[in-house]
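Below, read A as the first sequence line, B as the second, and so on, with proteins coming before strands; counting in each chain starts at 1. Values in this document were obtained by computation on a predicted structure and should not be read as measured data.
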Number of protein chains: 2
Amino acid sequence: MFTIVAERINCTRKAIREATEQRDAEVIRTQAVQQTEAGATYIDVNAGAHPDTELGNMRWLLEQVQAVTSLPICLDSPSAEVLAAGLQALDGRPAMINSISLEEGKAERLLPLVQQYNTRVIGLCLSSEGMPNTAEERLAFATRLLETTRAAGVSDDRVYIDPLVRCVSAEAEQGAEFLKAIRLIHAAHPDVHFCAGISNVSYGLPQRTLLNRAFLTMAIWEGLDGAIIDPLDQGVMSQLYAARAVAGLDEYCMEYMEASREGKLGA
Amino acid sequence: MFTIVAERINCTRKAIREATEQRDAEVIRTQAVQQTEAGATYIDVNAGAHPDTELGNMRWLLEQVQAVTSLPICLDSPSAEVLAAGLQALDGRPAMINSISLEEGKAERLLPLVQQYNTRVIGLCLSSEGMPNTAEERLAFATRLLETTRAAGVSDDRVYIDPLVRCVSAEAEQGAEFLKAIRLIHAAHPDVHFCAGISNVSYGLPQRTLLNRAFLTMAIWEGLDGAIIDPLDQGVMSQLYAARAVAGLDEYCMEYMEASREGKLGA
């Protein structure tokens with residue numbers, strides 16, 4: 001199975017921010033229902049970045065989402081305080097924390113919550129010294145992240161590594177280095193999962209969705225088993241089903257044929 | 001550069017067969033012009049399989065194609081006699097022969113033409129004993145093909161291996177075995193090129209173009225540098241440009257951006 005962390009309920013998007021500020025429950029609930037029906041595995045909830053409002057927004061958003069879907073929640077915040085409040089507001093369903101990294105103090109602040117609430121966690125290959133360039137650097141970042149999570153008693157299968165997608169417009173090899181990193185990390189840490197934000201690959205280029213879909217397809221072939229995506233984007237979802245079928249990850253193409261029968265696949 | 005062998009002028013297609021029987025030059029010339037403008041590298045010409053008409057059809061088709069494009073021709077026939085007549089009918093432009101294989105006597109019949117006319121040649125991983133199953137069997141077939149071409153004085157860079165795409169609907173692993181074969185053959189024979197017929201992967205499944213595009217994308221990442229495709233299929237061509245950009249094969253994404261500017265890319 002592929003883990004789809006559904007990205008639409010995010011207060012950095014204007015429509016969601018406004019609906020949240022106005023406490024327009026219908027907008028948020030519709031997003032949660034639609035993403036659930038489209039095949040989401042987790043509903044990501046990002047309550048914005050304003051220190052004054054983020055905690056209250058997070059609680060209100062979680063109330064709306066939990067009212068209409070039984071899916072697990074991916075709590076998306078850099079703040080331990082907001083994450084703790086969010087975890088307390090959950091009705092006992094499973095959760096994921098988005099995200100820890102190697103940035104100064106970040107894992108130390110957030111891992112106690114992963115332990116206490118037995119959540120899953122996204123581990124982003126990013127440190128205070130900067131971003132990884134090569135596949136080998138990404139593997140080294142992932143290994144350091146896993147040393148931290150293991151020391152906190154978190155088993156590898158609860159960790160979802162994001163090897164950090166960078167744009168190919170400036171450095172043509174960044175796509176290839178990411179793809180090779182998936183292969184290396186998978187080989188070195190077979191129990192770990194992945195959850196990547198794909199769309200950075202196309203930053204600065206036209207017709208970005210073509211590039212995002214091609215990149216997702218290659219990453220699935222290399223072993224990517226999760227991504228932060230918009231499950232209402234039929235093109236991306238079609239590509240996901242098709243990629244898993246031709247890569248041999250969908251026995252007898254059952255999932256692909258079912259999605260086709262249900263009218264879920266685009267042209 | 002990616003080698004696009006443009007597949008549309010093929011008498012197994014009804015419209016082309018009828019236009020050829022009726023000597024409707026305009027239909028054929030339009031196909032040749034459109035495929036040239038869409039970015040073809042070679043124009044494939046297949047004159048049908050009827051022993052009575054194939055040779056005459058081939059000569060007539062080549063006359064029409066050569067009248068409107070200066071692209072090299074890929075002569076597509078199992079008959080040495082038809083291929084020889086076709087090669088004699090060329091105006092000196094480069095040619096490719098589609099295809100030799102390990103089927104009994106086939107390479108022996110056709111390789112003298114490859115030598116005499118200094119053509120390129122597609123080598124299909126197929127023998128009289130049957131089709132390869134695993135990546136390793138595909139590598140073994142390719143190696144045997146290359147022993148034959150080398151013995152005939154044909155350098156590896158004139159050979160385009162087709163590792164034989166098989167459908168994933170019956171055997172889910174056939175896509176993966178093909179993709180691994182690209183990697184193995186590329187590593188063992190670095191000078192050889194590839195030219196695969198992609199669309200068999202989706203045989204028996206709905207919405208085949210989704211699967212064909214995903215498979216082409218993965219194959220490009222593994223090193224596929226040529227395919228027999230329809231360059232008028234904007235979806236396939238868009239995917240090809242996008243795949244090369246994210247795989248790091250398109251420096252500064254120049255080809256991708258030019259294709260986008262010229263309106264060549266679909267949604």
Side-chain angles (χ1 to χ4, degrees), chain A residues 165 167-180 183 198 201-222 234-235 237-254 256-261 263-267, chain B residues 165 167-180 183 198 201-222 234-235 237-254 256-261 263-267:
Chain A
V165 173
C167 67
V168 291
S169 53
E171 295 168 284
E173 73 283 4
Q174 278 301 326
E177 294 298 328
F178 175 92
L179 295 167
K180 287 180 203 157
R183 196 187 303 184
I198 289 294
V201 75
S202 59
Y203 181 79
L205 291 168
Q207 296 181 264
R208 294 182 62 175
T209 143
L210 285 173
L211 299 161
N212 297 345
R213 289 182 205 169
F215 196 56
L216 176 65
T217 301
M218 292 175 184
I220 286 171
W221 166 241
E222 286 294 357
Q234 197 182 43
M237 292 297 281
S238 300
Q239 194 95 15
L240 202 159
Y241 282 108
R244 287 177 49 82
V246 297
L249 300 168
D250 176 8
E251 194 72 32
Y252 301 113
C253 305
M254 298 293 276
Y256 179 82
M257 287 195 289
E258 189 185 341
S260 178
R261 264 196 310 273
K264 283 186 181 173
L265 306 183
Chain B
V165 173
C167 68
V168 293
S169 53
E171 296 167 284
E173 74 283 5
Q174 279 299 326
E177 293 298 329
F178 175 93
L179 294 167
K180 288 179 203 156
R183 198 188 300 185
I198 289 294
V201 75
S202 59
Y203 182 78
L205 291 169
Q207 299 181 260
R208 294 181 61 176
T209 144
L210 284 174
L211 299 160
N212 297 346
R213 289 181 207 170
F215 196 56
L216 176 65
T217 301
M218 291 175 184
I220 287 171
W221 166 241
E222 285 295 358
Q234 197 182 43
M237 291 296 281
S238 300
Q239 194 94 15
L240 202 159
Y241 282 108
R244 288 177 48 81
V246 296
L249 301 167
D250 176 7
E251 193 71 34
Y252 300 114
C253 305
M254 296 293 276
Y256 179 83
M257 286 196 288
E258 188 184 340
S260 178
R261 264 197 309 273
K264 284 186 179 170
L265 306 183

Closest heavy-atom pair and its distance - A:Ala247, B:Met218: CB-CE, 3.9 Å

Heavy-atom pair with the smallest gap, counting every atom of A:Met257 and B:Leu205: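 Residues A:Met257 and B:Leu205, closest heavy atoms: SD-CD2, 3.7 Å.
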
Contacting moiety of B:Glu222, where chain A heavy atoms sit under 4.5 Å: side chain

Interface moiety of B:Phe178 toward chain A, non-hydrogen atoms closer than 4.5 Å: neither

Most contacts with chain A, counted as non-hydrogen pairs under 4.5 angstrom, among B:Ala245, B:Ala219, B:Ala242, B:Gly248: B:Ala242

Among B:Gln174, B:Glu171, B:Gln239, residue most engaged with chain A (heavy-atom pairs, under 4.5 Å):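 Top option by heavy-atom pairs under 4.5 Å: B:Gln239.
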
Pairs of heavy atoms under 4.5 Å with chain B: top-ranked of A:Ala172, A:Gly175, A:Ser169, A:Ala170: A:Ala172

Heavy-atom pairs under 4.5 Å with chain B, option from A:Ser202, A:Cys167, A:Pro206, A:Gly235 with the top count: A:Pro206

Side chain / backbone / both / neither for A:Tyr241 at chain B, heavy atoms under 4.5 Å: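 The answer is neither part of A:Tyr241.
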
Under 3.5 Å donor-acceptor, A:Gln207 side chain and B:Gly266 backbone: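 Here the side-chain-to-backbone pair exists.
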
Sole residue of B:Leu210, B:Val165, B:Leu211, B:Asn212 in side chain to side chain contact (heavy atoms under 4.5 Å, CB included) with A:Val246: B:Leu211

